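Here the structure is a predicted model, which is why all the values come from computation and not from measurement. The first residue in the sequence is number 1, and the count goes up from there.
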Amino acid sequence: MMNIYLIGFMGCGKTTVGKKLASKLGKPFIDLDLQIEEEQGRSIRQIFEEFGEDYFRKLESETLKSISKLESFVLSVGGGTPCHSGNIDFMKKTGLTIYLEMTPAQLASRIRQNKSKRPLVKDLNDSELLEFVRIKLEERRLFYEKAHWVVDGFKIDIAGLTAKIKEFRQ
Ligand code: S3P
């Protein structure tokens with residue numbers, strides 16, 4: 001049974017879409033950041049503050065590898081996961097990768113509503129945030145676009161995507 005990886009920038013809706021998709025497909029849903037937080041007994045923000053980003057990236061790819069050993073799941077990864085440690089290639093080999101694409105303006109307006117949990121953006125004002133998203137997305141696009149499928153995260157059609165996944169599996 002196939003694993004589904006949802007990838008994309010912070011704020012693109014990976015967790016929301018992942019939960020819906022998992023329930024339609026009858027697969028368990030896992031959120032990589034939440035899994036890390038549970039295993040470490042610390043929030044992502046605390047992990048960044050106490051141990052730094054490099055340490056987080058190590059945990060992130062180790063946790064990704066251990067989850068991938070499970071049977072059949074929908075996994076939402078962090079915005080940076082595909083861009084480090086060869087993780088995008090690993091995910092492509094072990095499942096179907098779907099990139100939820102959004103524009104910098106769409107992303108910035110969604111991230112603005114939930115900044116405090118996200119260490120990379122928590123201290124930015126609105127114009128700095130938009131600039132950060134533009135620059136970071138430009139770098140990260142190269143990794144995200146390696147996904148098997150690219151879908152418009154803003155106009156996502158969960159039923160259509162579910163049908164496409166079921167068809168693909170046969
Ligand atoms: C990060 C995105 C976050 C989280 C961490 C780093 C990033 O996940 O993994 O704060 O580098 O873009 P979300 O994309 O779920 O916010």
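- Residues G18 and V74 come closest through the heavy atom pair O-CG1, 3.7 Å.
- Between L130 and A108, the shortest heavy-atom distance links the atoms CD1-CB, 3.9 Å.
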Derivation of the side-chain contact (heavy atoms from CB on, under 4.5 Å) call for T103 and L107: CA-CA 6 Å; T103 65; L107 292 165; over 6 Å; no
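- No side-chain heavy atom of E101 sits less than 4.5 Å from a side-chain heavy atom of D152.
- No more than 12 heavy atoms of other residues, nucleotides or ligands lie within 6.0 Å of NZ in K20, so this atom counts as exposed by the packing criterion.
- One finds the OG1 atom of T63 at 10.5 Å from the NZ atom of K58 (value rounded to the nearest 0.5 Å).
- Within the 4.5 Å cutoff, side-chain heavy atoms of P82 are placed close to those of M91.
- Checking each of I7, L64, L6, L70 against L75 for a side-chain contact (heavy atoms from CB on, under 4.5 Å) leaves exactly one that passes, namely L64.
- For N125, the CG atom is densely surrounded, since the number of other residues' heavy atoms within 6.0 Å is greater than 12.
- Shown here for S68 and N3, the closest heavy-atom pair between the two residues is O-ND2, 4.1 Å.
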Stepwise salt bridge (Lys or Arg N to Asp or Glu O under 4.0 Å) check, E138 with R134: CA-CA 6 Å; E138 200 47 39; R134 283 213 175 98; over 6 Å; no
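- Distance alone, capped at 3.5 Å, is enough to place a donor-acceptor pair between the K92 side chain and the K146 backbone.
- To the nearest 0.5 Å, atoms CD (E53) and CG (L120) are separated by 5.5 Å.
- Looking only at atom types and distance, the side chain of N114 has no donor-acceptor partner in the side chain of S116 under 3.5 Å away.
- In this structure, F51 places its CZ atom where more than 12 heavy-atom neighbours from other residues, nucleotides or ligands lie under 6.0 Å away.
- No chain of hydrophobic side-chain contacts below 4.5 Å, direct or via other Ile, Leu, Val, Met, Phe, Trp or Tyr residues, connects L34 to I4.
- Across every non-hydrogen atom of M2 and S72, the tightest pair is O-OG, 3.3 Å.
- Between the side chain of E37 and the main chain of I44, a donor-acceptor pair closer than 3.5 Å is present.
- In K65, the NZ atom is crowded: over 12 heavy atoms of neighbouring residues, nucleotides or ligands sit closer than 6.0 Å.
- With hydrogens and angles ignored, the 3.5 Å screen pairs no side-chain donor or acceptor of T97 with any backbone N or O of A147.
- Residue V121 forms a side-chain contact (heavy atoms from CB on, under 4.5 Å) with just one option from R112, E128, M10, K136, and that option is M10.
- Without hydrogens or angle criteria, H84 side chain to R57 main chain gives no donor-acceptor distance under 3.5 Å.
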Verdict with supporting geometry, D31 and S76, side chain to side chain donor-acceptor pair (under 3.5 Å): CA-CA 5 Å; D31 180 279; S76 294; 4.8 Å; no
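- Between W149 and F168, the ring-plane angle classifies as perpendicular under the 30° and 60° cut-offs.
- Considering CZ of F48 and NZ of K122, their distance stands at 10.5 Å, rounded to 0.5 Å.
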side-chain contact (heavy atoms from CB on, under 4.5 Å) between I47 and I36, intermediate numbers included: CA-CA 10 Å; I47 297 171; I36 295 171; 3.8 Å; yes
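- Between the side chains of T81 and N87, no donor N or O sits under 3.5 Å from an acceptor N or O.
- A donor-acceptor distance shorter than 3.5 angstrom exists from the side chain of T162 to the backbone of I158, with no hydrogens or angles considered.
- The NE2 atom of H148 sits 10.0 Å away from the CD1 atom of I98 when rounded to the nearest 0.5 Å.
- Interatomic distance, CG of D33 versus CZ of R118, reported as 8.5 Å (0.5 Å rounding).
- Between the side chain of Y144 and the backbone N or O of G79, at least one donor-acceptor pair lies under 3.5 Å.
- At distances below 3.5 Å, at least one donor-acceptor pair connects side-chain atoms of R110 with backbone N or O atoms of G11.
- Going from atom NZ of K115 over to atom CD1 of I111 covers 10.0 Å, rounded to the nearest 0.5 Å.
- Proximity of the aromatic rings of F73 and Y5 is defined here by a centroid distance below 6.0 angstrom, and this criterion is met.
- Applying the ring-ring contact (aromatic ring centres under 6.0 Å, His included) test to residues at least two apart or on different chains, none of the pairs has a partner in residues 20-43.
- Closest heavy-atom contact between C12 and K14: SG-CG, 3.4 Å.
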